[in-house]
Each structure stands twice: as C-alpha cells, then as structure tokens.
Amino acid sequence: MLPWRRIRRIRKTKTRSLLPALALAVAATAATPTAALATDTASEAVSSGWNDYSCKPSAQHPRPVVLVHGTFGNSVDNWLGFAPYLVQRGYCVFSLDYGQLPLVPLFHGLGPIDKSAEQLSAYVDRVLAATGAAKVDMVGHSQGGMMPRYYLKFLGGAPKVNALVGIAPTNHGTTLSGLTKLLDYFPGAGDIIAKGAPGLMDQVVGSDFLRRLNEGGDTVPGVRYTVISTKYDEVATPYRAQFLSGPNVKNVVIQDLCATDISEHVTIGLTDGLAFHEAVNALDPEHATPTTCASDD
C-alpha cells in the first residue's frame with residue numbers, strides 16, 4: 001500500500017489535471033453555437049433586419065419580440081437563423097447581450113444569472129420605449145429560455161411580457177448528460193467553476209439559484225409559457241426537466257410533431273424550421289397552423 005502522503009500527492013495531481021478538463025467539458029457542453037465571427041454585432045443585426053429601433057410593431061404583430069441567447073451565446077450568432085425568420089414574417093425583433101465577463105468577448109451568458117436578468121429588465125424597458133408597445137414577447141434558447149423567468153418572478157417583468165417561449169430551456173437545471181456528477185468527486189471543483197463562470201453552476205441541477213427560481217411554482221400569472229424540446233438534447237438533460245408546470249403552459253417535444261426530426265440542443269435553436277414554426281405559433285396562437293415535418297421552411 002502506498003504511503004498516505006504519496007496518495008495525497010497523487011490525488012492532488014489528478015485533481016489539478018482533471019479540474020480544467022471538467023470545466024472545459026462543462027463549458028463545451030453547455031455552450032450554444034456561437035463562433036467568434038461577429039466583429040460588429042449591432043451593425044450585423046440591423047443589416048439583417050433586426051435590432052432596428054425605428055421598427056414599429058404592426059397591427060398584425062403588435063408586440064416586439066426579444067430574443068435571449070444561451071450560455072456562450074451572443075445577440076447575433078445565436079439568432080442567425082431565427083431572427084431573419086421572424087423579420088420575414090413582419091415582426092419587430094430585438095436581441096441583447098447579457099452575462100458578459102471581463103476580457104471575454106463574444107461568448108456571453110457566463111455571469112450570475114440573477115444579474116443577467118437585471119440586464120434583461122433594462123433591455124426590455126429600452127425596447128418598449130423605442131417601439132411604444134405595452135408588452136413584449138420573448139423567445140430564449142437554453143439559459144435564455146430559463147433566465148427570463150427570474151425577471152418575470154422577481155424583477156417585476158410579468159406586466160411587461162405577454163409570452164415566453166423557451167427552446168431547449170434549462171428550467172430545472174441540467175446534469176449535462178451526467179457530467180455534473182463528476183463534481184462530487186472533486187471537493188471544491190464547483191466553487192472554482194462558479195467563481196470563473198457562475199452562469200454555468202447556476203444551471204446545474206439542485207443549484208441555489210434554481211431552488212429559489214422554482215420554489216412556489218414555475219410560472220407567474222398573466223404570462224403564457226411554451227417550452228419546445230427535443231428528446232435528443234444532450235445538454236439540457238434530462239430533456240423533460242425543461243418542462244414547466246402551471247396554468248398557461250404548453251410543453252412540446254419536437255419529435256411528437258415530426259418523428260424524423262433529429263435536432264439536438266444546438267440545432268433546435270439555430271436551424272430547426274419546425275421549432276421556428278412552433279415558436280411562431282406560440283407568439284401568434286390565433287393564426288397558428290399545424291407543425292409537421294413539412295413545416296421546415
């Protein structure tokens with residue numbers, strides 16, 4: 001048997017080598033599909049027809065839509081598919097950056113989620129002031145589908161929001177396909193990750209943030225909720241933990257609408273036309289049409 005000091009030295013060495021790997025695994029798995037391609041995100045968005053503060057909502061679409069990116073996302077890259085999809089259908093569309101960390105450009109959604117919700121609150125006020133609308137609708141991907149619920153519940157957002165659509169949202173946390181269980185083997189590892197990127201640890205199943213968010217019920221009165229999930233999600237796991245309970249809630253599994261859809265966590269938010277179609281149905285239920293395998297346009 002090895003001497004105790006040698007065992008401790010080996011354990012420390014392994015811990016030092018595995019912690020960065022675990023942090024990278026958490027980061028990579030939790031990330032939404034953003035690439036470091038955007039140099040001027042605001043101008044790119046406006047040139048694509050969204051984040052245009054001169055846009056005035058129409059009678060057909062009287063509420064502006066605020067898009068809320070996911071972890072490691074930003075206001076452009078996360079919405080290169082869906083934002084133009086909405087603009088083409090006559091919506092005024094806006095997207096924000098939130099959860100920025102110092103010296104970390106483009107990859108956002110890493111800061112404490114309660115602070116990110118404060119950024120969302122200020123952004124909604126900005127959109128309402130610019131458009132003259134009384135309320136907004138929101139669509140969020142991953143963390144962006146969950147974080148607005150903090151705004152609605154604790155920051156007075158409910159009177160300003162008509163509907164929240166979450167695409168693969170981390171509503172009740174994630175196990176990251178079991179990766180978070182590795183934290184139990186490395187005392188203090190969670191604290192290290194939380195200090196560097198608290199927005200990651202806030203989304204782990206059982207976090208203090210999630211306990212507070214979901215205590216007393218998932219929803220608040222006056223807001224319609226839709227969750228759009230894929231059973232192939234490998235990030236927000238188990239996928240049924242994305243679902244909400246309460247009045248004015250609709251939980252959708254995209255494979256129940258089209259069994260051949262193979263989207264996972266990234267593609268359901270970035271490119272899945274069926275998810276886009278179902279999200280628009282949630283934004284305008286009076287004119288909803290069935291989402292089928294043929295809705296991928």
Side-chain angles (χ1 to χ4, degrees), residues 32 34 37-70 73-100 106 108-109 116-141 144-145 147-148 151-152 155-167 222-226 228 269-273 275-289 295 297:
T32 51
T34 60
L37 300 175
T39 57
D40 186 347
T41 58
S43 63
E44 285 194 20
V46 172
S47 68
S48 300
W50 86 94
N51 281 343
D52 177 2
Y53 289 90
S54 68
C55 186
K56 300 299 180 184
S58 64
Q60 184 179 3
H61 302 304
R63 292 175 299 276
V65 180
V66 173
L67 303 180
V68 190
H69 65 74
N74 65 51
S75 60
V76 173
D77 293 346
N78 208 141
W79 303 115
L80 289 173
F82 188 53
Y85 182 95
L86 289 176
V87 170
Q88 291 169 7
R89 285 154 179 78
Y91 289 89
C92 289
V93 182
F94 301 88
S95 58
L96 78 157
D97 289 313
Y98 71 86
Q100 301 93 328
L106 299 176
H108 305 318
S116 294
E118 293 176 5
Q119 292 179 273
L120 176 62
S121 177
Y123 189 77
V124 169
D125 288 346
R126 178 185 177 190
V127 169
L128 292 177
T131 60
K135 292 187 176 185
V136 302
D137 289 322
M138 290 186 182
V139 180
H141 180 215
M147 179 269 280
Y151 163 62
L152 298 176
L155 301 181
K160 303 175 184 180
V161 178
N162 171 69
L164 171 61
V165 181
I167 300 176
V223 180
R224 290 189 293 104
Y225 297 83
T226 301
I228 303 171
L270 188 66
T271 62
D272 193 317
F276 295 175
H277 185 271
E278 190 64 13
V280 168
N281 280 348
L283 296 176
D284 188 9
E286 292 183 1
H287 299 95
T289 58
S295 299
D297 55 6

Nearest-0.5 Å distance, CG of residue L164 to OH of residue Y151: 11.0 Å
Under the side-chain contact (heavy atoms from CB on, under 4.5 Å) rule, what do D272 and I228 come out as? Steps first, then yes or no, please. CA-CA 11 Å; D272 193 317; I228 303 171; over 6 Å; no
Are side-chain heavy atoms of K160 and D125 found at a separation under 4.5 Å? yes
N78 CG to H141 NE2 distance, which is reported to the nearest 0.5 Å: 6.0 Å
Can you tell me how far the NZ atom of K135 sits from the CG atom of N162, to the nearest 0.5 Å? 6.0 Å
Just by modelled atom types, is the D97 backbone N or O under 3.5 Å from a matching donor or acceptor in the N74 side chain? no
Which pair of non-hydrogen atoms, one from L155 and one from S121, has the smallest distance, and what is that distance? O-OG, 4.5 Å
Looking only at heavy atoms, what is the nearest atom pair of A282 and V165, with distance? CB-CG2, 3.7 Å
Nearest 0.5 angstrom please: L80 CG to T271 OG1, how far? 11.5 Å
Classify the ring geometry between W79 and F82 as parallel (under 30°), tilted (30 to 60°) or perpendicular (over 60°). tilted
Should Y98 and E118 be marked as a side-chain contact (heavy atoms from CB on, under 4.5 Å) after you check the CA-CA gap, both sets of side-chain angles, and the distance that decides it? CA-CA 9 Å; Y98 71 86; E118 293 176 5; over 6 Å; no
Do you know which two heavy atoms are closest between D52 and S54, and how far apart they sit? OD1-OG, 2.6 Å
Using every non-hydrogen atom in the two residues, find where A158 and V223 come nearest and quote the distance to one decimal. O-CG2, 4.0 Å
Ring centres under 6.0 Å, that's the criterion: do H277 and Y85 meet it? no
Closest approach of P57 and P64, non-hydrogen atoms and distance? CG-CD, 3.9 Å
Is a donor on one side and an acceptor on the other found under 3.5 Å between the side chain of H108 and the backbone of S75? no
Would you please test L96 and V127 for side-chain contact (heavy atoms from CB on, under 4.5 Å) and show each step? CA-CA 10 Å; L96 78 157; V127 169; over 6 Å; no
Carefully, step by step, assess Y123 and V66 under the rule side-chain contact (heavy atoms from CB on, under 4.5 Å). CA-CA 9 Å; Y123 189 77; V66 173; 4.1 Å; yes
Can you classify the ring geometry of F94 versus Y53 as parallel (below 30°), tilted (30 to 60°) or perpendicular (above 60°)? tilted
Report yes if the side chains of N281 and E278 come closer than 4.5 Å at any heavy-atom pair, otherwise no. yes
Drop me the distance from M138's CE to Y225's OH, to the nearest 0.5 angstrom. 10.5 Å
Gap separating the CD atom of Q60 from the NE2 atom of H287, nearest 0.5 angstrom: 6.5 Å
Looking only at heavy atoms, which two atoms of N51 and S95 are closest? And how far apart? OD1-N, 2.7 Å
